Structure formats: C-alpha cells, structure tokens
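What follows is a short report on a single structure.
A, B, ... follow the sequence lines: proteins, then strands. Residue 1 opens every chain. It should be emphasised that the depicted structure is a prediction, and the values quoted were computed from it without experimental measurement.
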Number of protein chains: 2
Amino acid sequence: MTTGDSALADNGRPKPRWKQDPEGVRSDILAVALAEFSNNGLSGARIDEIAAKTRTSKRMIYYYFGDKQRLYQKALEAAYRKVRSGEEELALDHLPPRDALRRLVEFTFDHHRRNPDFIRLVMIENIHHGDYLRHSDLIRNLNETAISRVDAIYRKGVETGEFRPGLSPVAIHWQISALSFFNVSNRATFSLLFGEELHTEDGQALLRRQVADSVLRFVQSAPL
Amino acid sequence: MTTGDSALADNGRPKPRWKQDPEGVRSDILAVALAEFSNNGLSGARIDEIAAKTRTSKRMIYYYFGDKQRLYQKALEAAYRKVRSGEEELALDHLPPRDALRRLVEFTFDHHRRNPDFIRLVMIENIHHGDYLRHSDLIRNLNETAISRVDAIYRKGVETGEFRPGLSPVAIHWQISALSFFNVSNRATFSLLFGEELHTEDGQALLRRQVADSVLRFVQSAPL
DNA sequence: TGACAAATTAACCAGACGGTACAATGAATG
DNA sequence: CATTCATTGTACCGTCTGGTTAATTTGTCA
C-alpha cells in the first residue's frame, strides 16, 4: 500500500533505501555482541544470532570487526570501559577513613550487582585464561585508580590509628572484589546447593552489610 | 613388526582385537570429558577431541552417555563427587572453635587451589545459570555437610563466648567460599590488571593468612 | 556532475561438528 | 557349541556456522 513504500521519493528521484551511519552500526553491533557473548560465551555465541538482533547484517560485523575473536575482544573492552565509567561518581576524600572504606565496599558490592553482564564476561574471559584481555592495550590503564583509591583511604586510616599498618592495598582491593564478584558470579550454583535465602532482597541486604563489616573488621586496629 | 602384531595368536585362533571393559571405558571417557569441558566450556569442547584423547572411540561416548549435554552433566557430577570426597579427611571436633575455624578456612582455601578443574567447571555451570546442576539428583545431598560443619564450630564458639551471636552459618560458609573460589577463578584477569604479586608463592601464603584472619576477625566477639 | 571511496546488501561456500546406521566382535548362558 | 545380548569399530550424514565473493548503493569532493 501507499506512497510511503514507493521506490520514488516526492521529488521523483530514486529514494535512498538506507542511510550511512558507521558509528551507529558499530555501537549497535557492539552492544548486541556484548549481551550475546555474556550470555553464551565466546564459542557459545552465534554470529548469525548477533547479526539477527542487530539492525544490520552479518556482513557488517565482519566489515567492522574482522572476525569473531576480535569482536569478542572489542566487546570485552567495551564492557570494561562502561563499568569503569560508572565508578567515577564516587567521592570519598572528605570522609573519615572508616566511613570512606565502608562506602567504597558498599558501592563496589552494589556496582557488581548492577552489572551482571560485565561479571559474566569477566568469568568467560577467565575461562579463556585472560588471553583476550592480555592482548588489549586500552585496558591496562584502568587498574591504577582502583588501587590508589583503596590506598588513599588506607593510608589515612593508618595515620589516624584507626587502621592497623602492614596491610597491602592490592590485597585489600582483592578482598573487596572477591566478595562482590562471587556474589554475582556464583549465584546460580550457590543458590542451588545452599538455598535461595542469601539472594532474596533481605539476604542481599544482609550480605552487603556482612561484606562491609568483614572488610572493616579486617582492617581496623581496634575492635567494634 | 613381528608376531606381536599378527592377527593370529600363538594358539592359531583369531586374536581378540579388543577386550570388554565397560567401567574402564566409562570412567576413561568421563575423566577426559571433565578435563575438556573444564578447559573449553560446554559449547567449546569438541566431542571428536574428547574421543581422540580417550582410549576408545566417539561411538562409545554416545553409547554410554547419549549426547553431549548428558556427558557434560555427568562430568559435572563426577567433579563434585571427586572434590567432596577429598573434603572428608578433615577432623575438627576436638579443636577449640577459633583453631577449628582457622583450619577449616585454610583447608578450604588450599582445597580450591588444588582443584582448578573443578573451579572452572563450576564457573562454566554458572555461565549456564546452573541449568545442569539443577537437573541433577545426586548433587543436592552434598550440601548439608558443608553447612553443618560450619554450624558446629560456630555454635561452640558462641557458647564459649569467643564468637559473637546472631550470625548465619550459611553466610559464614558463603564468605569462606567466596574468598577461596575467587582466588582461583579470577586469577587470570586479576593478575593482568593488578599484577602477579598475589599469585606468587609468597603472595598466596599472604592471601591464605589474610582470608583466615578476615573470617576469624569477622566472627570473633573480642579483638585479636 | 562524475569519479572514487566508504558503506551496505544478498547470496553463497567449505569445513566443522554433533550425531547415527549397521555390521562385527566379545562374553555369558544353556 | 549355539544362541543371545552387550559392547565396539567403521563409515557416513545433515546441518550448523564462521567466513567470503561480488555487486550495489551512498556520500564526498574536485
């Protein structure tokens, strides 16, 4: 029906059947790829399926990304960038060390929960022994900030005597990451084996407090 | 060359070209499958590759296991059984609560480190949202012991006043698991982003102590 | 406006891979 | 030793899937 689907535009010239939009196409592909790889893994994801969920075609994927592995790598990088950008909001400098650390832990815990796709991609990348992250240049720079943020809080705490000296900032960060990450990554099997209780709303609130408490208790020099 | 490869045995009758060994074949397949799935994931693993690494043929895999998914499920179950069986050694009843808990944590930490294949299978199963563990009957029973072991120690500690009351044994177990699991599961990406220092021999010794300390500090009512 | 590069479409392909058909060989039973 | 069934070997198949070929359309700029 109708003029809208005609091959001729109003001016009588042949109507453009598609518009060029390289950046749009690229980011569209990347977003779909991220979701698909996150759901199915590198080998589990299907290029045809990614293409189908895109507004463009399979050919475009190869045009812009070369092959499946490079697409995966770009998706991984995009995921890291997206997540890191969401971490910048945090302003802790003005808080006393204990409050700052607690807020950092709680933020990390929440942030991981909010980004299950990212967590799953990192799991997948670990299954691949980090082979794709290793060959990614852009990523290496995003590490420093996380450590230095912990370091700043920790140093201040040691100065005020609230935190005990001799701990490693990297190890403290490791501890925070481990608990926040595991909460998302192993939800399925843990729930199956030990019940859903920790993954209800109440259970998650409990764990959030527990994780913060445990990190604080670990770092503090005095009790309470 | 020579008589050994002849089609006739010494007695002149046709030589058996193969011996029957159902259980051997089955467990052989299972062991290879476990390694392959652990390395490559469910979709990444190749039946032909598994068959090649077996002393038998692809045909046997289908004869005994039906299809790829069922093979994966059996491998997963086998992994759980193998790991759980290695946990039985532990005898903690005679120890005072703090020592018992520390030993339990250290044991769990070491045990996870010793079984990276198992960890990887669990990661993979979580990628699949636990779909295969969910439909496995034999597994459900293996959960109780882990919790009750923590529970026994914790109760005793609360009685003696060494541990503070009001904590959840499941949540304590969760905490121990999280730290021990993450140490293995995320080694690749963590090392890439934050350096190898925590995964040297010294680094692992440090983390082991840190994990035990942190759990103890979390549970204890009084400091130190 | 015309030529050239960038972007996009549509159809196609070769190999990989999960799975099967069928015959042959072993062991157990009577 | 004949029968029977579980086990194993060989060869094969259909489809899925990553990747490609080639032609067409759109934007740009001299």
Side-chain angles (χ1 to χ4, degrees), chain A residues 5-30 32-33 36-37 39-75 124 128 131-132, chain B residues 5-9 11-30 32-33 36-37 39-75 124 128 132:
Chain A
D5 287 3
S6 162
L8 295 184
D10 294 344
N11 54 19
R13 285 187 308 199
K15 195 174 160 191
R17 304 203 314 201
W18 45 269
K19 278 204 295 196
Q20 287 189 182
D21 182 14
E23 279 318 303
V25 168
R26 236 187 111 89
S27 66
D28 181 26
I29 292 173
L30 220 40
V32 175
E36 286 294 303
F37 283 127
N39 262 323
N40 308 304
L42 173 50
S43 51
R46 298 291 161 232
I47 293 283
D48 285 301
E49 187 65 19
I50 294 174
K53 293 185 177 172
T54 296
R55 92 171 90 96
T56 63
S57 66
K58 176 158 74 158
R59 183 65 185 79
M60 285 294 92
I61 295 175
Y62 288 96
Y63 183 69
Y64 283 118
F65 297 96
D67 61 20
K68 195 187 189 184
Q69 301 198 5
R70 269 180 289 214
L71 176 59
Y72 166 77
Q73 176 162 327
K74 293 300 182 191
I124 288 163
H128 292 285
D131 288 342
Y132 301 90
Chain B
D5 286 3
S6 162
L8 295 185
N11 55 20
R13 286 186 309 200
K15 196 174 159 189
R17 304 206 312 208
W18 44 270
K19 281 202 295 196
Q20 287 192 182
D21 182 15
E23 279 318 302
V25 168
R26 237 188 111 90
S27 66
D28 181 26
I29 292 173
L30 219 41
V32 174
E36 285 295 302
F37 283 127
N39 262 323
N40 309 304
L42 172 50
S43 51
R46 299 292 160 229
I47 292 283
D48 285 303
E49 187 65 18
I50 294 174
K53 294 186 177 171
T54 295
R55 94 172 89 97
T56 63
S57 66
K58 178 159 73 157
R59 180 69 184 76
M60 287 293 91
I61 295 176
Y62 287 97
Y63 182 69
Y64 283 117
F65 297 96
D67 61 20
K68 195 187 189 184
Q69 301 199 2
R70 268 180 290 216
L71 176 60
Y72 166 78
Q73 175 161 328
K74 293 300 182 189
I124 289 162
H128 293 286
Y132 300 89

Rounding to an integer number of Å, can you tell me how far [X] [atom1] sits from [N] [atom2]?
{"X": "B:M60", "N": "C:dG19", "atom1": "CE", "atom2": "C1'", "answer": "14 Å"}
{"X": "A:E23", "N": "C:dA7", "atom1": "CD", "atom2": "C1'", "answer": "13 Å"}
{"X": "A:R59", "N": "C:dC13", "atom1": "CZ", "atom2": "C1'", "answer": "14 Å"}
{"X": "A:K58", "N": "C:dA10", "atom1": "NZ", "atom2": "C1'", "answer": "12 Å"}
{"X": "A:N40", "N": "D:dT17", "atom1": "CG", "atom2": "C1'", "answer": "14 Å"}

Report task. Could you pull out all residues at least two apart from A:S57 that satisfy side-chain contact (heavy atoms from CB on, under 4.5 Å)? Result ->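 Only A:R59, A:M60 meet the side-chain contact (heavy atoms from CB on, under 4.5 Å) criterion with A:S57.
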**Report entry** All side-chain contact (heavy atoms from CB on, under 4.5 Å) counterparts of A:S43, not counting sequence neighbours
**Finding:**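 Applying side-chain contact (heavy atoms from CB on, under 4.5 Å) to A:S43 gives B:S43.
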Query raised in the report: Roughly how far, to the nearest 0.5 Å, is CD of A:E36 from CD1 of A:I47?
Result: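 Rounded to the nearest 0.5 Å, the CD1-CD separation comes out at 10.0 Å.
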Query raised in the report: When rounded to the nearest 0.5 angstrom, what distance separates CD1 in A:I29 from NZ in A:K53?
Result: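 If I round to the nearest 0.5 Å, the distance is 15.0 Å.
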Query - Any side-chain heavy-atom pair of B:Y64 and B:V25 under 4.5 Å - result: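 Touching, per the 4.5 Å side-chain cut-off.
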Query raised in the report: For DNA chain D, what residues of residues 61-74 of chain B have any heavy atom nearer than 4.0 Å?
Result: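 Contacts with DNA chain D under 4.0 Å: B:Y63, B:Y64.
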Requested in this report: Work out which heavy atom in B:T54 is nearest to a heavy atom in B:D28; give both atom names and the distance.
Outcome: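 For B:T54 and B:D28, the tightest heavy-atom pair comes out as CG2-OD2, 3.2 Å.
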Query raised in the report: In residues 41-57 of chain A, which residues come under 4.0 Å of DNA chain C by heavy atom?
Result: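 DNA chain C contact set from residues 41-57 of chain A: A:S57.
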Query raised in the report: Considering residues at least two apart in sequence or located in another chain, which fulfil the salt bridge (charged side-chain N to carboxylate O under 4.0 Å, His left out) criterion with B:K58?
Result: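 So B:K58 forms a salt bridge (charged side-chain N to carboxylate O under 4.0 Å, His left out) with B:D48.
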Can you give me every donor-acceptor pair (side chain of residues 65-74 of chain B, partner residue at least two apart or in another chain, under 3.5 Å) with its distance?
{"residue": "B:D67", "atom": "OD1", "partner": "B:Q69", "partner atom": "N", "Å": "3.4"}
{"residue": "B:D67", "atom": "OD1", "partner": "B:R70", "partner atom": "N", "Å": "3.0"}
{"residue": "B:K68", "atom": "NZ", "partner": "B:L42", "partner atom": "O", "Å": "2.9"}
{"residue": "B:K68", "atom": "NZ", "partner": "B:A45", "partner atom": "O", "Å": "2.9"}
{"residue": "B:Y72", "atom": "OH", "partner": "B:E125", "partner atom": "OE1", "Å": "2.7"}
{"residue": "B:Q73", "atom": "NE2", "partner": "B:H135", "partner atom": "O", "Å": "3.3"}

